[in-house]
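Counting starts at 1 for both ligands and their atoms, in listed order. As the structure is a prediction and not an experimental result, all values here were calculated from the model. As a basis for the values below, the full set of heavy atoms in this structure was taken, side chains included, without hydrogen atoms, waters or symmetry mates.
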Amino acid sequence: MKTLDDSLALHTDLYQINMVKTYWQDGIDQKKAIFEVFFRNLPFDNGYGVFAGLERVISFLENFHFSETDLTYLQEEVGYEQEFIEYLRTIRFTGSLRSMVEGELVFGNEPIMRVEAPLAEAQLIETALLNIINYQTLIATKASRIKQIVGEELALEFGSRRAHELDAAVWGTRAAYIGGFDGTSNVRAGKLFGIPVVGTHAHAMVQAYRDDYIAFKKYAETHQNCVFLVDTYDTLNSGVPNAIKVAKEFGNKINFAGIRLDSGDLAYLSKKAREMLDDAGFQKTKIIASSDLDEYTIMNLKAQGAIIDTWGVGTKLITAFDQPALGAVYKLVSIENDKEQMVDTIKISSNPAKVTTPGMKKLYRIINRSNGYSEGDYIALDHENPQEEERLKMFHPVHTYISKFVTNFEAKDLHQDIIVDGKVVYHTPEISDIQKYAKENMNLLWEEYKRSLNPEEYPVDLSEACWKNKMDHIENVKQKVKQKLERG
Ligand SMILES: Nc1ncnc2c1ncn2[C@@H]1O[C@H](COP(=O)(O)OP(=O)(O)OP(=O)(O)O)[C@@H](O)[C@H]1O
Ligand SMILES: O=P(O)(O)OC[C@H]1O[C@H](OP(=O)(O)OP(=O)(O)O)[C@H](O)[C@@H]1O
Ligand SMILES: O=C(O)c1cccnc1
């Protein structure tokens, strides 16, 4: 490495700093701006997402500053002038953040986070915020899909060696835990976040002793809890019989906790191994499986009657193998004008789904009090309070004829104050409580939204005022463009 990696402020795209230079020289850098984070499409064709990433976002914003080495680099290598460097030196995050909390269920086209800050600050943090949220939410959602199929059995995160570098391994592991995984093999993630760590042994140990009986014996001499990896040479003719032999020899001196299968036909081998273990009196010894697993293979193995107690999942979880990116974006929805009034902003697109929704907004989950299920999410302008409505009209923001009225509901505000005027006011819960919260949230969803294949689309609606504000802005922009064209 050429220099010290002593801050995260440069974890941004150069264009952010370039824009800040323009804002600063033009004198609008301190104008209050409101940005929202949202994604349009749920990953993996899933019916819901699980939000993760807030803890790291908080730490990033709390510590936001350009270090001396950052400033030297920007001046000497990128070529910004001294005066601008001095300006950057003073920048901290002094704005406010409202956000969903981790473990919240999240859907397309709804604001996950709202950043309210001086324009320059709000602009500089975009790249890192999206980087954190996109990855962690993606992995938490993938983990939740897998855990739904695994059910009451255990799901273990084994992916560090295949993750996209070190940060992805630990933060991905944390996200996987939020999504419902029961433990991880990554010891650093265990230490940093308090996630339960688990581990068996690798083929290397059997290869080192060049004999699975000797390897298991050596392991048993040095460990109380033993899970033997049985597939190095021949699962049913060598691995399982030798595991049983060692377990019998050691008796009460060890806890023969399990065997691990890591190749071959996992359905067939698990059934045969179960029989062999049971016949030898080891009914309580568990069968752990790993080998390129994901929700599809696990579902298929279960359908074949595989007898597997614990599922170790690596590559396909930690790399979000079947959809390696979530497309969360960061859009400006309102900004202070010359008269110090907030004015809403919009980004138009020829694709109606890509037109942004202007204005400072709130997000509510409309929970039907008579059955406890969610009717959908409801985006309203900041000053509106849906809880005051007797009968709430919910309608599809594009296909407006699809509508319903809801009564007897709770409108749960999905955003909490996280940072207020630069001060963190939110206390991140214990990771186990975040996981519990995510699990409880699933009870709000009808089964139709939870199935892993072709789920129903969960409603994310706009209030009438919010929808009308959007239509007015679209019309205004159209008029402006037309007038300009006419004037030439
Ligand atoms: N009964 C089964 N039905 C469907 N898929 C299975 C079954 N048993 C194993 N699999 C999956 O099939 C794939 C087999 O992978 P692969 O062909 O690489 O062989 P392997 O048995 O893991 O051997 P090795 O690790 O020695 O290469 C894995 O993704 C595994 O999870
Ligand atoms: O298959 P995944 O879902 O990615 O899970 C992680 C894999 O990592 C290990 O294999 P590896 O071949 O790296 O090492 P080993 O010699 O211990 O089997 C382990 O045995 C799993 O198969
Ligand atoms: O402990 C294990 O069995 C393990 C750990 C990492 C990767 N694969 C398996």
For Ser291 and Asp262, run side-chain hydrogen bond (donor to acceptor under 3.5 Å, both in side chains): C-alpha distance rounded to whole Å, both residues' side-chain angles, the deciding distance at 0.1 Å, then the answer.
CA-CA 5 Å; Ser291 176; Asp262 189 50; 5.0 Å; no
Quick one: do Asn368 and Glu375 satisfy side-chain hydrogen bond (donor to acceptor under 3.5 Å, both in side chains)? Show the steps, please.
CA-CA 6 Å; Asn368 189 326; Glu375 294 284 347; 2.7 Å; yes
For the pair Tyr330 and Phe38, evaluate ring-ring contact (aromatic ring centres under 6.0 Å, His included) and give the outcome as yes or no after the intermediate values.
CA-CA 7 Å; Tyr330 184 78; Phe38 64 95; over 10 Å; no
Under the criterion side-chain hydrogen bond (donor to acceptor under 3.5 Å, both in side chains), I'd like the reasoning laid out for Ser452 against Glu295: C-alpha separation, chi angles, the key distance, then a yes or no.
CA-CA 9 Å; Ser452 55; Glu295 64 273 42; over 6 Å; no
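The closest protein non-hydrogen atom to atom 19 (C) of ligand 2 is Arg260 NH1, 3.6 Å. Among protein heavy atoms, the minimum distance from atom 12 (O) of ligand 2 is reached at Arg162 NH2, 4.0 Å. Atom 16 (O) of ligand 2 has its closest protein heavy atom at His203 ND1, 3.2 Å. The shortest contact between atom 3 (O) of ligand 2 and any protein heavy atom is with Gly314 N, 2.8 Å. Of the protein's non-hydrogen atoms, Phe158 CD1, 3.6 Å is the one closest to atom 8 (N) of ligand 3. Atom 7 (C) of ligand 1 has Leu301 CD2, 3.6 Å as its closest protein atom, hydrogens excluded (heavy atom only). From the protein, the heavy atom lying nearest to atom 6 (C) of ligand 2 is Phe158 O, 3.8 Å. The protein heavy atom nearest to atom 12 (O) of ligand 1 is Thr297 CG2, 4.9 Å. Atom 3 (O) of ligand 3 has Thr200 OG1, 2.5 Å as its closest protein atom, hydrogens excluded (heavy atom only). Nearest protein heavy-atom neighbour of atom 5 (C) of ligand 3: Ser185 CB, 3.7 Å. Among protein heavy atoms, atom 14 (O) of ligand 2 sits closest to Arg161 NH1, 3.1 Å. The protein heavy-atom contact nearest to atom 25 (O) of ligand 1 is Ser263 CB, 3.7 Å.
Remark: ligand 1 atoms within the under-4.0 Å shell around heavy atoms of Leu293 are 31 (O). For ligand 2, the atoms closer than 4.0 angstrom to any heavy atom of Asp262 are 18 (O), 19 (C), 20 (O), 21 (C), 22 (O). Within ligand 2, the atoms closer than 4.0 Å to a non-hydrogen atom of Ala202 are 17 (O), numbered from 1 in the order shown. In the vicinity of Ser291, heavy-atom distances shorter than 4.0 Å reach the ligand 2 atoms 1 (O). Residue Ala267 has at least one heavy-atom neighbour below 4.0 Å for each of these atoms of ligand 1: 1 (N).
Aromatic rings of Trp311 and Phe181 (six-membered ring for Trp) have centroids beyond the 6.0 Å cut-off, not under it. Between Tyr458 and Tyr449, the gap from one ring centroid to the other is short of 6.0 Å.
Protein heavy atoms come within 4.0 Å of atom 1 (N) of ligand 1. In this structure, atom 27 (O) of ligand 1 has no protein heavy-atom contact shorter than 4.0 Å. In this structure, atom 4 (C) of ligand 1 is in close contact with the protein, since a protein heavy atom lies within 4.0 Å of it. Of the protein's heavy atoms, none falls inside 4.0 Å of atom 17 (O) of ligand 1. In this structure, atom 9 (C) of ligand 1 has protein heavy atoms in its sub-4.0 angstrom surroundings.
A side chain to side chain contact (heavy atoms under 4.5 Å, CB included) with Ile298 is found for one member of Ile308, Val150, Leu266 and no other, namely Val150. With Ser238 as the fixed residue, the side-chain hydrogen bond (donor to acceptor under 3.5 Å, both in side chains) test singles out one of Asp231, Asp212, Thr232: Asp212.
For the pair Arg174 and Phe193, the cation sits on the ring face: its NZ or CZ lies under 6.0 Å from the ring centre, inside 45° of the axis. Geometrically, Lys142 engages Phe44 in a cation-pi contact, judged by NZ or CZ lying under 6.0 Å from the ring centre and within 45° of the ring axis. Both tests do not hold together for Lys404 against Phe395: distance to the six-membered ring centre under 6.0 Å, angle to the ring axis within 45°.
Ion pairing between Arg98 and Asp413 holds under the 4.0 Å rule for side-chain N and carboxylate O. Using a 4.0 Å cut-off between a side-chain N of Lys or Arg and a carboxylate O of Asp or Glu, Arg145 and Asp45 do not qualify as a salt bridge.
Checking only distances, Ser291 does come within under 3.5 Å of ligand 1, N or O to N or O.
Ranked by closest heavy atom to atom 1 (O) of ligand 2, the top entry among Leu229, Asp292, Leu156, Thr315 is Asp292.
No more than 12 heavy atoms of other residues, nucleotides or ligands lie within 6.0 Å of CZ in Arg210, so this atom counts as exposed by the packing criterion.
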